[in-house]
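Note: hydrogens, waters and symmetry copies are ignored here, and every other heavy atom, side chains too, is used.
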Amino acid sequence: MNLNNLKKTVPAKLYKRGVDYFEQGSVEQLAEVATNRWNAIVSGTEDYEVSINVRKDGTVVGSYCTCPFESDSLCKHEVAVCLAIRQYKNVNGSSAVDVMAQLKTLKKAELLTVLEELMEKQPAVHHYLKEKFLETGEMDEEKARQLIRIAAYHAVRNEFIEWNRIDQALEGVEEVLEFLEGLDSRQDGEKIIRLSLLVIRECTSMLHIADDSSGEISSAIYESLEKVYVALAEWPGEVDEATVDRMLELLYPHILFALEQDTTDAASGLLEAVLQWSEKGDFASKFYAFIDKVIHSREMRNKAFGYTEERFRGYQLWVLQQQGNQEAIDAFCTKFHAYPAIRRAQMWQAFAAGEFEKVLQLGNESEKLDVKLPGLVLEWKKIRFKAYEKMGNTAAMIDLAFEFVLSGEEEYYSKLKSLVDAENWPKVQEKLLPEMKNNWRSLPLYLEILKEEKRTDELLDYCRKDISAIEQLYPHLLADYPHEVNEIYTAYIYRLIDQASNRKAYWTACQKIKSFQTALGAQAAAGLVEEIKFMYPKRPALLDELGKVKLK
């Protein structure tokens with residue numbers, strides 16, 4: 001294949017698409033990166049990297065493209081690049097210049113002039129050289145920032161970083177994180193924290209212009225948060241007020257930035273990390289005031305929902321609990337009683353103190369306050385259950401366990417069974433199962449109970465009402481009801497066929513015949529196929545799909 005006979009050697013459709021890409025100017029950054037090897041970017045639905053090996057006489061001896069096209073032919077992107085190479089050679093002549101040989105003849109001043117001109121005309125060269133110069137020497141915040149931004153800059157196409165360029169975008173981040181791995185948190189704690197904060201900030205900004213469906217950018221953020229946490233946990237020497245003030249001042253703008261960007265939980269992570277220091281001294285008032293400062297910041301006030309403020313109020317309560325001033329704790333809980341997180345913390349504090357009546361009181365109050373939030377109501381009831389358990393109130397536990405089972409909470413079925421006297425259990429179960437059967441939340445658990453206790457007559461009754469269930473439940477029915485299974489399974493397949501209006505639906509119905517065969521055997525399946533052919537002689541698509549069913 002030669003650059004001059006592409007039209008004859010490439011399929012017409014591919015050649016035409018390649019011409020379209022070439023004429024639309026989609027071939028970018030064309031360069032002869034080595035003797036006879038050309039690289040370029042072709043912009044389409046996304047950017048594709050293309051490499052072409054072509055001899056001096058125009059013969060194409062190798063090609064590569066990052067698009068998913070698989071064939072012996074050139075793809076449309078490779079065709080476009082070949083046309084661009086041909087045009088370049090026609091304009092500039094085919095005689096190659098040995099660039100390295102020419103450069104070697106230049107003096108230092110002449111080389112510097114060439115390099116200066118190149119950097120002015122090609123910004124990418126300037127960034128490349130800057131990155132190379134950053135590769136040596138000690139890592140500081142400015143160097144780390146440059147490494148991260150240069151790598152991200154190289155990965156950007158049309159002001160966005162596609163999913164398949166995330167690894168490239170994070171090359172600088174990875175280099176900084178590798179450097180941090182070599183530091184000792186007990187000696188370089190503050191440096192680890194400062195560089196980790198920089199990674200968090202840069203990656204958070206990157207999230208706004210990147211497809212992070214792989215989660216790699218977010219992972220780098222959480223890895224850096226972990227480094228901050230460990231560095232503060234292993235902080236060398238004594239932690240005094242001056243050190244706490246310095247650290248809070250360092251973290252404050254980063255917490256506000258994370259709140260403003262609102263893409264990760266970095267703000268909470270940073271606060272949780274520094275609150276470890278509450279165990280190193282009497283800093284409760286300082287931490288409480290700092291959290292209050294964050295809560296009243298413009299960044300927090302601009303948030304549409306109150307979940308984050310609720311979490312931060314929870315941190316304030318934790319600080320007060322560490323301080324141990326019960327009067328202050330009670331006043332705080334009264335003031336912020338509307339927040340579920342505050343009531344939850346109150347309940348568990350009362351639970352730990354053995355104040356189970358208080359737990360029950362708070363639980364009942366919370367159920368009324370959060371009546372429109374079923375998930376929270378269930379949580380409060382479960383806490384009440386634990387309180388009743390500690391108090392030995394079996395009757396109250398039975399009532400709640402019964403309610404939980406009707407909500408589909410499987411673990412509470414065995415608890416309920418253990419709480420009820422053996423002689424009374426059949427009566428309770430007979431009351432429970434009909435209610436479960438008619439409740440969509442408890443229906444999966446209801447079927448599991450029927451299977452476990454081999455209540456096959458009730459399983460069969462259920463399948464008669466919902467014939468599609470036979471596909472999952474037939475193994476539990478075959479031994480006792482083989483004819484009924486055949487009848488219901490057949491009705492299920494016929495219903496699928498009757499509802500079908502296209503070949504795909506027929507295919508789906510025919511696939512069920514394979515599972516029918518597994519349940520009832522090859523002879524029954526073959527008989528069903530012949531019966532269906534007889535019943536639907538004027539449905540060619542169905543008959544065709546039936547012919548494809550492989551029966552053993």
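- Dense packing is recorded around CD of Glu234, with more than 12 heavy atoms of other residues, nucleotides or ligands lying under 6.0 Å away.
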Inset, instruction - Check the pair Glu379, Lys382 against salt bridge (Lys or Arg N to Asp or Glu O under 4.0 Å), reporting the backbone distance first and the verdict last. - result: CA-CA 5 Å; Glu379 180 184 350; Lys382 286 183 177 181; over 6 Å; no
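- Taken to the nearest 0.5 Å, the CG atom of Leu369 stands 14.0 Å off from the OH atom of Tyr339.
- Ser224 contributes atom OG, which lies 10.0 Å from atom CG of Leu270 (distance to the nearest 0.5 angstrom).
- Within the 4.5 Å cutoff, no side-chain heavy atoms of Arg194 are placed close to those of His254.
- Tyr64 and Glu49 are not linked by any side-chain donor-acceptor pair at a separation below 3.5 angstrom, with hydrogens and angles left out of the test.
- More than 12 non-hydrogen atoms from other residues, nucleotides or ligands lie less than 6.0 angstrom from CG of Asn424.
- Atom CG of Asn438 sits in a crowded spot, with more than 12 heavy atoms from other residues, nucleotides or ligands closer than 6.0 Å.
- Remark: side-chain polar atoms of Ser196 are not paired, donor with acceptor, to backbone N or O of Ile193 under 3.5 angstrom.
- Counting only heavy atoms from C-beta outward, the side chains of Arg384 and Lys381 approach each other to under 4.5 Å.
- Tested against Gln361, the residues Glu365, Glu357, Lys358 include a single side chain to side chain donor-acceptor pair (under 3.5 Å) partner, Glu365.
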Inset, instruction - Evaluate salt bridge (Lys or Arg N to Asp or Glu O under 4.0 Å) for Lys335 paired with Asp330, printing each intermediate quantity in order. - result: CA-CA 9 Å; Lys335 184 176 181 180; Asp330 291 341; over 6 Å; no
Legend entry - Full working for side chain to side chain contact (heavy atoms under 4.5 Å, CB included) between Leu225 and Ile200: CA-CA 7 Å; Leu225 282 170; Ile200 293 167; 3.6 Å; yes
Legend entry - Step-by-step side chain to side chain contact (heavy atoms under 4.5 Å, CB included) determination, Glu141 to Leu197: CA-CA 10 Å; Glu141 289 178 67; Leu197 289 172; over 6 Å; no
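- Proximity of Val50 to Ser63: side-chain heavy atoms (C-beta onward) are nowhere separated by under 4.5 Å.
- Counting only distance, with no hydrogens or angles, the side chain of Asp47 and the backbone of Ile41 share no donor-acceptor pair below 3.5 Å.
- Annotation: salt bridge (charged side-chain N to carboxylate O under 4.0 Å, His left out) contacts of Asp245 (sequence neighbours excluded): Lys286.
- The closest side-chain donor-acceptor pair between Gln346 and Arg343, if any, does not fall under 3.5 angstrom.
- The minimum heavy-atom distance between Leu445 and Gly408, with the atom names listed, is CD2-C, 4.2 Å.
- In plain terms, the two heavy atoms of Trp235 and Gly189 that are nearest each other are CZ3-C, 4.1 Å.
- With sequence neighbours left out, the salt bridge (charged side-chain N to carboxylate O under 4.0 Å, His left out) criterion links Asp262 to Lys303.
- Gln321 and Ala345 make their closest contact through NE2-O, 4.1 Å (heavy atoms, listed as atom of the first residue, atom of the second, distance).
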Inset, instruction - Check the pair Phe402, Lys431 against side chain to side chain contact (heavy atoms under 4.5 Å, CB included), reporting the backbone distance first and the verdict last. - result: CA-CA 10 Å; Phe402 195 97; Lys431 179 185 175 185; 4.2 Å; yes
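- Under the 4.0 Å criterion applied to side-chain N and carboxylate O atoms, Arg313 and Glu310 are not assigned as salt-bridge partners.
- Arg246 CZ: more than 12 foreign heavy atoms inside a 6.0 Å radius.
- At distances below 3.5 Å, not a single donor-acceptor pair connects side-chain atoms of Asp370 with backbone N or O atoms of Leu376.
- Using a 4.5 Å cut-off on side-chain heavy atoms (C-beta onward), Ser43 and Arg157 make no contact.
- One N or O on the side chain of Glu78 and one on the backbone of Cys75 form a donor-acceptor pair closer than 3.5 Å.
- Proximity of Leu450 to Leu473: side-chain heavy atoms (C-beta onward) are nowhere separated by under 4.5 Å.
- Residues Tyr315 and Phe312 place their aromatic rings such that the two centres sit under 6.0 Å apart.
- Cys203 and Ile221 make their closest contact through CB-CG1, 3.5 Å (heavy atoms, listed as atom of the first residue, atom of the second, distance).
- Put simply, CZ on Arg165 and CG on Leu170 are 13.5 Å apart, with the number rounded to the nearest 0.5 Å.
- Here the closest heavy-atom approach between residue Gly172 and residue Ile148 is recorded as C-CG1, 3.9 Å.
- Shown here are the salt bridge (charged side-chain N to carboxylate O under 4.0 Å, His left out) partners of Arg37, two or more places apart in sequence or in another chain: there are none.
- Although no hydrogens or angles enter the test, the distance criterion places a donor-acceptor pair under 3.5 Å between the side chain of Ser219 and the main chain of Gly215.
- Surrounding CZ of Phe160 are more than 12 heavy atoms belonging to other residues, nucleotides or ligands, all under 6.0 Å away.
- In this structure, Glu216 contributes its side chain and Asp167 its backbone to no donor-acceptor pair below 3.5 Å.
- With sequence neighbours excluded, the residues satisfying salt bridge (charged side-chain N to carboxylate O under 4.0 Å, His left out) with Glu260 are Arg298.
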Inset, instruction - Go through Gln349 and Leu317 one step at a time and tell me if the side chain to side chain contact (heavy atoms under 4.5 Å, CB included) criterion holds. - result: CA-CA 11 Å; Gln349 184 185 34; Leu317 177 58; 6.0 Å; no
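- Aromatic ring orientation, Tyr288 versus Phe332: perpendicular (interplanar angle above 60°, classes split at 30° and 60°).
- Atom CD of Glu327 has 12 or fewer neighbouring heavy atoms from other residues, nucleotides or ligands inside a 6.0 Å radius.
- Nearest approach of Tyr462 to Leu443, heavy atoms of both residues: OH-CD2, 3.4 Å.
- A distance-only check finds a donor-acceptor pair linking the side chain of Trp277 to the backbone of Leu232 [under 3.5 Å].
- In this structure, Lys143 forms no cation-pi arrangement with Phe179, as its terminal cationic atom is not both closer than 6.0 Å to the ring centre and no more than 45° off the ring axis.
- The closest side-chain heavy-atom distance from Lys227 to Leu177 is below 4.5 Å.
- Using a 4.0 Å cut-off between charged side-chain N and carboxylate O, Arg301 and Glu309 make a salt bridge.
- In this structure the side chain of Pro340 never reaches within 4.5 angstrom of the side chain of Ile342, judged on heavy atoms.
- Here side-chain hydrogen bond (donor to acceptor under 3.5 Å, both in side chains) pairs that include residues 439-448, with residues two or more places apart or in two chains, are Glu448-Lys451.
- In the displayed structure, Lys386 atom NZ is contacted under 6.0 Å by at most 12 heavy atoms of other residues, nucleotides or ligands.
- For residues 340-385, the ring-ring contact (aromatic ring centres under 6.0 Å, His included) pairs, not counting sequence neighbours, are Trp348-Phe351, Phe351-Phe356, Phe385-Tyr412.
- Other residues, nucleotides and ligands contribute over 12 non-hydrogen atoms within 6.0 Å of the NZ atom of Lys280.
- For the 3.5 Å distance criterion, the side chains of Thr204 and Gln261 fail to qualify, holding no donor opposite an acceptor.
- The side-chain heavy atoms of Leu360 and Tyr388, taken from C-beta on, include a pair separated by under 4.5 Å.
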